[in-house]
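The structure displayed is predicted, hence computed values, not measured ones. Below, all heavy atoms of this structure are taken into account, side chains as well, without hydrogens, waters or symmetry copies.
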Amino acid sequence: MEDQLDHDIRFMKEALKEARKAFEMDEVPVGAVIVCQNTILARAHNYTEHLTDVTAHAEMQAFTSATFGLGGKYLPECTLYVTLEPCVMCAGASFWTQIGRIVYGARDEKRGFLKIGQPLLHPRTKLTGGILEEESASLLKEFFKKKRTP
């Protein structure tokens, strides 16, 4: 039987696949999947450049897709796997979805919601960080290094 860490790694690898898609599209490489009962309900990645929409973060895209697929706006039995710690906007949106759990890869020291030190998640949302952190962080570093190199 798969333990929780193995389960988290398996689905974070799926989120990393989405982040790589964003990288190839010249979007900031953040990927997300939403899982319920071992089934991926939504896959998404950052799409802000292509949509010219600052709110088109991977998490926001995934929330929209998952709630549409389920036919309801709440996700209390679901887990969001995202390669980067959510920003304040995405943490706030997760509050409104009442998502059951958030699992993230790399910390976002500049814009992550944990930086503000206030509870932004729904009181029942559980949080786990650092799953495949190195892989998530290295993809972001590679992307921004590529951006800075003429």
Side-chain angles (χ1 to χ4, degrees), residues 4-5 7-36 40-69 73-150:
Q4 188 63 58
L5 180 58
H7 185 82
D8 289 347
I9 289 170
R10 177 163 59 104
F11 288 115
M12 188 60 76
K13 285 180 179 178
E14 295 299 317
L16 276 164
K17 287 179 186 176
E18 291 298 316
R20 288 185 194 98
K21 288 179 189 176
F23 185 97
E24 294 303 318
M25 295 174 63
D26 206 29
E27 295 275 358
V28 175
V30 177
V33 296
I34 294 181
V35 176
C36 191
I40 296 175
L41 298 178
R43 295 174 173 274
H45 51 77
N46 273 1
Y47 218 62
T48 60
E49 297 301 321
H50 283 76
L51 293 179
T52 317
D53 179 357
V54 297
T55 68
H57 290 193
E59 301 95 322
M60 302 296 275
Q61 301 294 309
F63 292 145
T64 299
S65 181
T67 56
F68 180 78
K73 60 185 178 180
Y74 300 119
L75 304 169
E77 304 301 319
C78 300
T79 299
L80 167 68
Y81 290 88
V82 61
T83 58
L84 183 65
E85 172 191 341
C87 70
V88 172
M89 174 184 70
C90 294
S94 78
F95 178 94
W96 296 110
T97 69
Q98 299 179 19
I99 194 130
R101 186 166 176 245
I102 297 174
V103 178
Y104 68 88
R107 286 283 314 266
D108 185 346
E109 299 294 334
K110 290 182 181 177
R111 293 184 181 89
F113 83 96
L114 292 172
K115 182 178 172 137
I116 68 164
Q118 295 180 37
L120 291 177
L121 304 181
H122 192 276
R124 290 187 296 262
T125 300
K126 292 175 178 43
L127 181 66
T128 301
I131 303 297
L132 299 184
E133 181 175 14
E134 287 182 31
E135 293 91 330
S136 298
S138 70
L139 188 59
L140 287 158
K141 287 175 188 169
E142 182 182 347
F143 176 80
F144 288 111
K145 182 179 178 183
K146 181 178 136 186
K147 286 290 196 189
R148 289 188 299 270
T149 305

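- Scored by the side-chain contact (heavy atoms from CB on, under 4.5 Å) test, A58 finds V30, A32, N46 as partners (sequence neighbours excluded).
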Would you tabulate the side-chain donor-acceptor contacts of residues 90-99 under 3.5 Å, counting partners in other chains and residues two or more places apart, or write 'none'?
from : atom 1 : to  : atom 2 : distance (Å)
S94  : OG     : A91 : O      : 2.6
T97  : OG1    : S94 : O      : 2.9
T97  : OG1    : I99 : N      : 3.3

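- Residues L132 and D8 form no side-chain contact, since every pair of their non-hydrogen atoms from C-beta on lies 4.5 Å or further apart.
- Rounding to the nearest 0.5 angstrom, the gap separating the CG atom in L114 from the CG atom in L127 is 6.0 Å.
- Screening residues 51-62 for side chain to side chain donor-acceptor pair (under 3.5 Å), with sequence neighbours left out, gives D53-T55.
- Separating the CZ atom in F68 from the CG atom in L41 is a distance of 13.5 Å, to the nearest 0.5 Å.
- When side chains are defined from C-beta on, V88 counts as touching I116, because their heavy atoms get closer than 4.5 Å.
- Across all their heavy atoms, P29 and A19 have their closest contact at CB-O, 3.3 Å.
- The stretch residues 120-129 participates, sequence neighbours left out, in these side chain to side chain donor-acceptor pair (under 3.5 Å) pairs: R101-T128.
- Judged as a ring pair (Phe, Tyr, Trp, His ring centres under 6.0 Å), and not counting sequence neighbours, the contacts of F143 are F23.
- Among residues two or more places apart in sequence or in another chain, the side-chain hydrogen bond (donor to acceptor under 3.5 Å, both in side chains) test is passed with T48 by E27.
- For residues 11-25, the set of pairs meeting the side chain to side chain donor-acceptor pair (under 3.5 Å) definition, not counting sequence neighbours, comprises E14-K17, E14-R43, E18-K21.
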For residues 102-113, run the donor-acceptor check on the side chains, cut-off 3.5 Å, and write out each pair with its distance to 0.1 Å, sequence neighbours left out.
from : atom 1 : to   : atom 2 : distance (Å)
R107 : NE     : E85  : OE1    : 2.8
D108 : OD1    : K110 : N      : 3.2
D108 : OD1    : R111 : N      : 3.0

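- For T64, there are no side-chain hydrogen bond (donor to acceptor under 3.5 Å, both in side chains) partners two or more places apart in sequence or in a different chain.
- Identified under the side chain to side chain donor-acceptor pair (under 3.5 Å) test for residues 133-150, with sequence neighbours left out: D26-K147.
- In this structure, CD1 on I131 lies 11.0 Å from NE2 on H7, to the nearest 0.5 angstrom.
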